[in-house]
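Take a look at the structure below.
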Number of protein chains: 2
Amino acid sequence: MGKKVDNNTEISPKGALFESRKGAGQSITMEAVGRLAGVSQVTVSRALSNPEKVSPKTLKKIQAAIDATGFVPNAVAGALASKRSKLISVLIPSITNIVYTSMVKAFTDSLAGSGYQILLSETGFEDGAEEALIAAHLSRRPDAVMLTGIDHSARSRMMLLGANLPIVELWDLTDSPIDVCVGFSHPESGRAVARFAIELGFTSVATVSAGDERATRRGDAFVQEFEKIEGNKVTSIVFGQTGSLAKGRAGLTKLIDEHDFKNSFIFCSSDNLAHGVLIEAQARGLKVPEDLAIVGFGDQELARSVDPLLTSVRVDRPALGQAAAKALLDQLKGGKVSNRIIDIGFEIIQRESTKPL
Amino acid sequence: MGKKVDNNTEISPKGALFESRKGAGQSITMEAVGRLAGVSQVTVSRALSNPEKVSPKTLKKIQAAIDATGFVPNAVAGALASKRSKLISVLIPSITNIVYTSMVKAFTDSLAGSGYQILLSETGFEDGAEEALIAAHLSRRPDAVMLTGIDHSARSRMMLLGANLPIVELWDLTDSPIDVCVGFSHPESGRAVARFAIELGFTSVATVSAGDERATRRGDAFVQEFEKIEGNKVTSIVFGQTGSLAKGRAGLTKLIDEHDFKNSFIFCSSDNLAHGVLIEAQARGLKVPEDLAIVGFGDQELARSVDPLLTSVRVDRPALGQAAAKALLDQLKGGKVSNRIIDIGFEIIQRESTKPL
DNA sequence: ATGAAAGCGCTAACAG
DNA sequence: CTGTTAGCGCTTTCAT
């Protein structure tokens with residue numbers, strides 16, 4: 001290829017450029033740039049990765065050739081040769097859920113300037129899909145992997161371990177992370193809300209939850225802790241998938257219509273659900289918090305904007321994303337991990353939607 | 001590499017496996033799998049990409065070797081050799097904004113089974129960042145690119161054109177797309193809402209908008225169309241960044257406190273802003289739609305869940321994402337594009353938050 | 001400071 | 001149906 005113009009080192013740049021534009025996706029190579037600049041391909045490579053090792057004069061010629069051709073280096077070839085892809089795989093359950101995307105945002109923002117790019121996939125909340133996705137991602141030879149949660153199949157864990165990469169599991173904690181986990185204790189947060197409800201004086205409360213694994217663990221812990229006290233009772237409404245305003249409204253409706261729910265206290269597995277409960281309560285003329293206390297989870301923007309303001313469990317998602325990025329970058333830079341289990345904690349933010357009985 | 005075990009075709013599989021696990025990221029190759037299965041490397045490649053061209057017996061041996069080693073093919077090498085990366089670049093302004101992520105979701109869901117993966121980046125709403133991101137993405141040699149909007153720098157367009165790939169611009173329309181655009185007319189949607197407000201009988205209205213380029217074009221068109229009628233007047237509140245509940249509340253507050261706004265009709269550039277306006281209105285004891293009519297944009301889930309239900313401009317984002325995926329896949333399959341400008345349209349969904357004066 | 005040579009692990013012809 | 005031979009466009013190592 002390109003033999004016809006082998007002789008035009010400085011003679012016919014346009015010709016060389018033109019030739020490399022024909023055909024589909026025929027892109028310019030370092031060799032072509034080098035020919036134009038009158039240097040070898042390696043020198044072009046060096047000019048891009050170690051400019052200090054190239055003379056200023058040569059550098060300028062190469063830069064001119066790059067500008068003239070619109071050369072964009074082929075990172076695929078680079079990755080193959082160097083065995084570093086500069087790619088980080090990110091797997092989250094849902095790409096449309098702000099809980100996860102906000103962490104990804106903090107994560108990628110922390111990566112800015114490091115040259116890493118993100119290969120993102122959505123796993124869904126059901127098992128099984130993740131395994132195939134992990135294989136697909138590992139085939140791209142990412143330099144690191146970020147997963148959501150700690151619940152991964154044996155085969156997934158085997159593949160990830162076998163890939164021998166920095167791996168971070170986000171948004172949950174375990175004593176035996178694949179590599180590093182950054183999160184908080186879901187059961188502990190459920191128990192904390194239970195104690196909060198007890199302190200407010202409630203004895204019969206409800207939960208409105210999404211059915212995913214983590215929400216379930218929070219809810220179970222909440223029930224267990226709350227019902228530790230003799231005579232206390234929890235009514236639980238669980239929806240199959242992700243929470244939404246509509247499901248929040250439906251949740252309160254169901255509690256009132258089917259469970260003869262007396263106005264008291266509702267712990268929701270997301271702020272969205274809590275907001276739905278709030279809207280339904282207001283539509284029914286119930287006063288919050290006088291007739292009904294509501295606690296959300298996640299402390300989204302809406303918790304600070306609705307009327308009344310929503311009490312919610314805050315998890316510092318930006319800090320989570322940043323800690324995850326740091327854990328990976330530290331390893332990628334060759335450092336050792338000092339701490340494989342990073343507990344970001346949580347905090348109950350009391351606002352207007354709750355008050356003592 | 002691997003010379004030491006060259007002689008163990010069937011003798012010491014564990015040895016081969018073990019050897020390939022040592023060292024960082026040392027992954028198994030097709031050659032190693034082939035050695036284990038007693039076939040050449042190419043046959044392993046074929047077994048994976050064209051199993052029908054390999055005898056069932058060989059196939060089984062190869063499968064066993066793959067299972068034994070946990071082999072994951074190196075897609076980087078595959079991409080370099082085949083000049084097809086099976087990667088699609090996706091650039092959206094914000095990864096945490098459901099408007100964009102819902103389209104990406106529809107887009108990727110349409111891609112399921114095709115073997116393509118998504119390289120996702122966030123461009124932000126400011127110019128400049130996109131150019132560097134496009135270069136970074138093109139260096140990965142994606143097979144196609146999806147961009148948001150039609151507003152791209154000359155250099156960006158040049159790079160994209162030079163890459164000679166299927167490209168789709170989403171969420172807007174232009175007569176001169178880089179390749180294909182799938183969207184709707186933002187100005188036309190603004191004018192439609194203006195006519196809607198006029199029909200309802202309003203003469204003095206307001207807008208509460210985010211400051212991004214598309215929201216601005218919708219708002220400008222709204223104002224122009226509405227003020228075509230003698231004596232009509234629009235008060236505009238614009239916020240710098242993305243809309244939010246808090247900004248919606250602040251918007252109404254500003255209108256009332258600073259602009260002496262009389263209860264009438266407010267067109268918001270997103271449902272989030274509209275919801276914020278609604279919350280603030282309710283907090284102030286205003287009745288919607290009796291005292292104040294509100295129109296949102298986007299028809300998010302919340303528009304169908306708040307009380308009163310929110311009138312909004314619906315754009316079929318799933319259809320948009322699907323059409324974009326189809327436009328790209330058609331070209332990737334070698335087909336020609338019949339239609340370079342795909343208008344998905346929009347629709348004003350009238351609900352409880354508006355009524356005739 | 002620059003270049004030559006040798007791969008990275010695959011796919012794409014072409015043989016048999 | 002299977003194998004051989006050439007690359008893909010870079011990075012790495014070793015010379016010069």
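Labels below follow one simple rule: chain letters A, B, ... track the order of the sequence lines, proteins then strands, and each chain is numbered from 1. Remember, it's a predicted structure, so these values are computed and weren't measured experimentally.
- Atom P of nucleotide dT2(C) and atom CG of N50(A) are separated by 13 Å, given to the nearest angstrom.
- Considering every non-hydrogen atom in both V182(A) and L320(A), the closest pair reads O-CD2, 3.1 Å.
- One interatomic measurement links the two molecules: CD1 of I62(A) to C1' of dG3(C), which rounds to 12 Å at whole-angstrom precision.
- When rounded to the nearest whole Å, the span between CG of L80(A) and P of dT12(D) equals 12 Å.
- Nearest heavy-atom pair, R140(B) versus L87(A), reported as atom, atom and distance to 0.1 Å: CZ-CD1, 3.4 Å.
- Between K61(B) atom NZ and dT2(D) atom C1' there is a gap of 11 Å when expressed in whole angstrom units.
- Residues passing the side chain to side chain donor-acceptor pair (under 3.5 Å) test with Q322(A): none are found, sequence neighbours excluded.
- When rounded to the nearest whole Å, the span between CG of D143(A) and C1' of dT11(D) equals 14 Å.
- Taking the side-chain contact (heavy atoms from CB on, under 4.5 Å) definition, one finds that L59(A) meets it with A47(A), P51(A), V54(A), sequence neighbours left out.
- Comparing K53(A) and V76(B) by the nucleotide of DNA chain C that holds the closest heavy atom to each, the one mapping nearer the 5' end is K53(A).
- Axis angle, first five pairs versus last five pairs of the helix from dA1(C)-dT16(D) to dG16(C)-dC1(D): 30°, rounded to 10°.
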List the protein contact pattern of nucleotides 10-16 of chain C with one symbol per nucleotide (5' to 3'): B for base contact, S for sugar-phosphate-only contact, - for none; contact means a heavy-atom distance under 4.0 Å. BBB----

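- Partners of A325(A) under the side-chain contact (heavy atoms from CB on, under 4.5 Å) rule, at least two apart in sequence or in another chain, are F107(A), S110(A), L111(A).
- In this view, L48(A) and M30(A), I66(A), F71(A), P73(A) satisfy the side-chain contact (heavy atoms from CB on, under 4.5 Å) rule, not counting sequence neighbours.
- Regarding L138(A), its CG atom lies at a distance of 16 Å from the P atom of dG9(C), rounded to whole Å.
- Contact between the side-chain N/O atoms of T43(A) and the OP1/OP2 oxygens of dG3(C) is found at a separation under 4.0 Å.
- Judged purely by atom type and a 3.5 angstrom limit, N74(A) uses its side chain to pair as donor or acceptor with the backbone of V76(A).
- Look at K86(A) and D143(A) and you find no salt bridge, because none of the NZ, NE, NH1 or NH2 atoms lies under 4.0 Å from a carboxylate O.
- Between the CG atom of L48(B) and the P atom of dG9(C) there is a distance of 16 Å, given to the nearest Å.
- Of the residues I167(B), L119(B), V90(B), L165(B), the one that meets the side chain to side chain contact (heavy atoms under 4.5 Å, CB included) test with P142(B) is L165(B).
- Checking the phosphate oxygens (OP1, OP2) of dG9(C), a side-chain nitrogen or oxygen of K83(A) falls inside 4.0 Å.
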